[in-house]
Amino acid sequence: MTATESTAQEPDEPSTSRRALVAGSVGNFLEWYEFSVYGFFATIIAAQFFTPEGGTEAEALIKTYASFALAFFFRPVGAALFGRLGDRIGRRPTLILVISLMTAATTTIGLLPGHAVLGAAAPWLLTLVRVLQGISAGGEFGGAVALMTEFAPQDKRGRYGAWQSFTVALGLLAGAGVAALLVAVVGEEQLADWAWRLPFLLALPLGLVALWLRLRLDETPSFRRLSGEGQPSAVPAQRGAAPHTPGAAATAKAIALGAARLMGWSAAGYTFLVVLPAYLESQLDASFQQALLATVVANLGFAAAILPAGIVSDRIGRRPVMLTGAAAVVVLALPLLNLLQDPEASTVLQSGALFAAGAVVGLMAGPGPAMLAEMFPTGVRYTGLGLAYALSNAVFSGSAGLIITEVIEHTGNADIPGYYAAATCAVSALALTGMREARHRQALGEL
């Protein structure tokens, strides 16, 4: 690596790195806040938009999760579209566009009339807005992680990247907290009638704050080097291509491998952290408030593990930390779920099980963003890591609620969530075993 490349790998000053961390994190927070709210209010949204005359509650819930899954399947579209832009014109302008689209789409859900007003058009309009959310969310992850890791000091990429996952946890907790507060203030009847819209409308001021932060942001050192900005005149600008940009086949292989490594995180994360409320309500007869409380406990465990896992991965590597989390889910998913199903189990014991379920997912989520960033060179990093994450989430997160609800409906087996989480984490564990550990010690420009 040349002196110019080495210099470009480091942020200009600590304050610049911190601004990048905040600006990158805030979009992730908003994205997952909204997705958690949609998951927590799945049964209410089903009644508002997807319950035709003569339809059952189970059918409406399945249709709601189908809309949920559809948004995830448009994430790869957004990852490819915005990833291409981000690798061509820069991280900063692309992330500004992404947060604007996400804010507009989420706010629209809070304003959209339901089935009682629009009839058959209501579910279609909601689904269209969900598609726009999926496209914007697909462009968010790749840009945010590229931004954070390209500004991060070389020995702190795991810590910086972990903030992406940590703000996911904060978004999920915020969604659960807002939902629980609304239940306490207005009651379940008013919540089902109109108050469910308020959390979606809250996205507007949150989005404006995020937009302001990104407008103040600088472009990353890695992209400035790639585009030739700030280089001495003797150094030729390299616009439009990275010095070591891999071919399409090599990039596609890395994307598929990255998606496999994330599969367990995606599936187990959504099973334990988002789908759980509807599962507890429909299968274990829990109240809406009890289900939300359970989700908060699981998300607290998730949040508690993320940053320590990212920091430890900077010292010992991404693979051992992520493998530990994947193996723990394989071993513990079914016993933890059975503990929740046991009416004789104490509240303390069940709370501990929920906390542990979230924590083992956090072991995968902490090092995950840095691991992905280290798999792709600068010229394809936004696109590559964004597509790997989006594909994994489309298949194994967005479909989690739909798959689990459908299979339980047809088999009557309440253990399906445990089997689903364990099976996907087993595949991730296999994909992680081939990871080269030296990557976490190298500068991004050397990978």
Side-chain angles (χ1 to χ4, degrees), residues 141 145 157-158 161-162 164-166 168-169 172 254-276 298-299 301-339 353-375 385 388-400 403-404 415-437 439-440:
F141 180 87
V145 173
R157 281 199 301 268
Q164 188 280 337
S165 299
F166 186 64
V168 169
L172 294 172
I255 289 170
L257 181 59
R261 290 173 177 174
L262 294 186
M263 181 190 302
W265 168 18
S266 300
Y270 254 80
T271 300
F272 295 142
L273 306 176
V274 176
V275 176
L276 188 63
N299 276 283
F302 179 58
I306 290 170
L307 291 179
I311 292 169
V312 171
S313 78
D314 281 328
R315 298 178 181 177
I316 67 174
R318 321 297 179 210
R319 182 176 63 184
V321 181
M322 296 184 72
L323 264 176
T324 300
V329 174
V330 172
V331 174
L332 298 175
L334 199 56
L336 290 175
L337 187 65
N338 291 337
L339 186 59
L354 288 163
F355 190 89
V360 293
V361 176
L363 292 179
M364 294 181 281
M371 178 273 295
L372 276 182
E374 291 160 357
M375 291 181 67
L385 69 89
Y389 183 79
L391 288 168
S392 177
N393 274 270
V395 179
F396 302 105
S397 289
S399 300
I403 292 171
I404 290 169
D415 291 339
I416 295 301
Y419 290 125
Y420 181 69
T424 51
C425 282
V427 176
S428 278
L430 289 175
L432 285 163
T433 55
M435 186 187 305
R436 285 197 297 113
E437 275 306 287
R439 286 181 178 271
H440 76 285

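Just so it is clear, the values below take in all heavy atoms, side chains as well, and ignore hydrogens, waters and symmetry mates.
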For the backbone of Pro320 and the side chain of Thr324, can you confirm whether one donor and one acceptor N or O come within less than 3.5 Å of each other?
yes

Drop me the distance from Ser392's OG to Arg261's CZ, to the nearest 0.5 angstrom.
12.5 Å

Drop me the distance from Ile416's CD1 to Ile404's CD1, to the nearest 0.5 angstrom.
8.5 Å

Could you state the interatomic distance from CE (Met263) to CG (Leu391), rounded to the nearest 0.5 Å?
11.0 Å

Calculate, to the nearest 0.5 Å, the distance between atoms OG1 and CH2 belonging to Thr424 and Trp265 respectively.
13.5 Å

Keeping Arg318 on the side-chain end and Gly368 on the backbone end, is there a donor-acceptor pair under 3.5 Å?
no

Of all the heavy-atom pairs spanning Ala333 and Gly418, show the shortest one and how long it is.
CB-O, 3.6 Å

Do you know the tightest heavy-atom contact between Leu332 and Pro335?
O-CD, 3.2 Å

Taking every non-hydrogen atom, the tightest pair across Leu273 and Gly358
CD2-CA, 4.3 Å

Any chance you could measure Leu372, atom CG, to Phe141, atom CZ, to the nearest 0.5 Å?
5.5 Å

Where do Ala305 and Ala359 come nearest, in terms of heavy atoms and distance?
CB-O, 3.4 Å

Between Met371 and Met375, which heavy-atom pair has the shortest distance, and what is it?
O-CG, 3.3 Å

To the nearest 0.5 Å, what is the distance between CG (Leu432) and CG (Leu262)?
8.5 Å

Keeping Ser313 on the side-chain end and Gly310 on the backbone end, is there a donor-acceptor pair under 3.5 Å?
yes

Determine the minimum heavy-atom distance between Ala298 and Phe272, stating which atoms define it.
CB-O, 3.8 Å

Donor-acceptor contact below 3.5 Å, side chain Tyr420 vs main chain Phe396:
yes

